[in-house]
Amino acid sequence: MNGKHVTKLGFEKQAVGLALSAAHDREARGVSRSAILQELRDVQADPDAYLHDATYAPLASHLRAQAREAHARRGTALRTEPLPYDVWGAHLIDTAARMQMDTAMRLPISRAGALMPDAHVGYGLPIGGVLATEDAVIPYGVGVDIGCSMMLSVLPIQHGAVKTDEAVSLLKRHTRFGAGVGFERKAWRGHPVLDERTWQEQGLLRHLHGKASDQIGTSGSGNHFVEFGTFTLDQADLGLEPGTYLAVLSHSGSRGFGAQVAGHYTRVAEQLHRHLEGPAKKLAWLPLDSDDGQGYWQAMNLAGRYALANHDLIHARLSEALGVKPLAQISNSHNLAWKQHVNGQELIVHRKGATPAAAGQLGLIPGSMADPGFVVRGKGHAAALESASHGAGRQLGRKAAQAQVPKRDVQAYLQDRGVTLIGGGIDEAPQAYKRIEDVIREQRDLVDVVGRFDPKVVRMDTGNEDI
DNA sequence: ATGTCC
């Protein structure tokens, strides 16, 4: 037996050496050449069956790894030209975000996409990007804050019946903000999501259950907030009479748990796609039918449910402190991937900072710390992959905002609108965001406005510089 | 977005 016999069977690279070494082993045991060649063909045909074989295990395990890599690289070259996609509010979107979306539309797994009017640059896929892929999921197509979401509770309380001081005190007592933060032991409350069996189904999830439990019911940093405000309905909807109500609006995500899930699977995806370079590097994907693809899908969906559980507890604590039950509650995730039929085909639709807006579907689109947010109803626009913006979108990056926006301008903006702010930073200044009215106007074909929320008392994490 | 490297 020599290398020629083995390469003739189709073994490549390191597999040649491993096959040869196994063959010599069998020869030494007196097995005939033709029998050995048949054994090698059998291992080749079904490596899984030989993973524990005394002679062929190393070869079998290597063949399996080769097959996985080949599977991951299947059709791996980028298209020369991006697939066409529609853009809403193009004049509000900078070139860099458009270029990121172009790169995403060149991936071999991409089938359709759209850019929302709040779009701006992110890692990999731009924020405000919607991307449909076939049989593959991109961790950075969902983003770091997996399951980041909104929730609104409309309360059976006259607006104005809760004074500013009381609202400030309620927010300080019943919400917690910031990286690594959880409720203190005596104030901690659990949630059924923490009892799901899913946590036991992956090593990574078992490992992160403690952190998730510590941080449940809290808000993060950056653009996350919890606020009291007035909710105005011009006509009866949501089971409510027209009028102005006291309401709570929150923006929160999956905290450290989701961030670590994102980090882990992004590394796995990048390892699988070492050939991806430049702007495409962060768009590395996982085949959905691979162990890692399934693992990400399971962890991502758990992070989505966990993020909504955080909102549940935020709203439960505040409602209970006021001694009321919400009249209506609305929520939606805007950083997640869904299985969705697109032109009759089931695809994976990534929304990274985009609100699901199927026909009739309710959603929440916030403005900024001192600008209105809107309850919207989707119109199911096919070219937008049934999506809308997730907010106003950044106009200035965090650093640019710190450098350009004077603190007194932010204070004046807040004062003009009668907004009281706890925490917050210049990087979250209203002046750093696009005008929400412009963004809503650009997507009138994607959503109808149902009602309007005006923030009055806002709590955020403390930014780099307080306002 | 995240105790910004499992």
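We name chains A, B, ... by the order of the sequence lines, and we start the count at 1 in each one. Hydrogens, waters and symmetry mates are skipped; everything else that's a heavy atom, side chains included, is used.
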Exercise. Which part of the nucleic acid does A/H224 contact within heavy-atom distance under 4.0 Å: base, sugar-phosphate only, or nothing?
Worked result: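 If one applies the 4.0 Å heavy-atom cut-off, A/H224 turns out to touch the sugar-phosphate alone, with no base involved.
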Exercise. So what does A/G220 touch, heavy atoms closer than 4.0 Å: a base, only the sugar-phosphate, or nothing?
Worked result: sugar-phosphate
Enumerate the protein-to-nucleotides 3-5 of chain B contacts in which both atoms are nitrogen or oxygen and the separation is below 3.5 Å.
from: B/dG3; atom 1: OP2; to: A/G180; atom 2: N; distance (Å): 2.3

Problem set entry | Where at least one partner belongs to residues 389-422 of chain A, residue pairs that pass ring-ring contact (aromatic ring centres under 6.0 Å, His included), sequence neighbours excluded |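 Every pair satisfying ring-ring contact (aromatic ring centres under 6.0 Å, His included) with a residue in residues 389-422 of chain A: A/H334-A/H390.
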Exercise. Pick one: which of A/H224, A/R459, A/E227 meets side-chain hydrogen bond (donor to acceptor under 3.5 Å, both in side chains) with A/T175?
Worked result: A/R459
Exercise. Residues two or more places apart in sequence or in another chain: which of them pass side-chain hydrogen bond (donor to acceptor under 3.5 Å, both in side chains) with A/S387?
Worked result: A/R351
Problem set entry | Partner set under salt bridge (Lys or Arg N to Asp or Glu O under 4.0 Å) for A/E270, not counting sequence neighbours |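 A/K282.
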Seminar exercise, completed: Here the distance between atom C1' of B/dC6 and atom CZ of A/R206, to the nearest Å, is 16 Å
Anything under 3.5 Å between a donor and an acceptor, one on a side chain of residues 93-100 of chain A, the other on a protein residue two or more places apart or in another chain? List them.
from: A/D94; atom 1: OD1; to: A/A96; atom 2: N; distance (Å): 3.3
from: A/D94; atom 1: OD1; to: A/A97; atom 2: N; distance (Å): 3.0
from: A/R98; atom 1: NE; to: A/Y85; atom 2: OH; distance (Å): 3.4
from: A/Q100; atom 1: OE1; to: A/G122; atom 2: N; distance (Å): 3.1
from: A/Q100; atom 1: NE2; to: A/G122; atom 2: O; distance (Å): 2.6

For this session: Return the 5'-most residue of the pair A/H207, A/G222 with respect to DNA chain B, ranking by each residue's nearest nucleotide.
Result: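 Taking each residue's closest nucleotide, the earlier one in sequence belongs to A/G222.
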Below 3.5 Å, can you tabulate the donor-acceptor pairs from side chains in residues 211-222 of chain A to any protein atom, sequence neighbours excluded?
from: A/Q215; atom 1: OE1; to: A/G256; atom 2: N; distance (Å): 3.0
from: A/T218; atom 1: OG1; to: A/Q215; atom 2: O; distance (Å): 2.6
from: A/T218; atom 1: OG1; to: A/R255; atom 2: NE; distance (Å): 2.8
from: A/T218; atom 1: OG1; to: A/R255; atom 2: NH2; distance (Å): 3.4

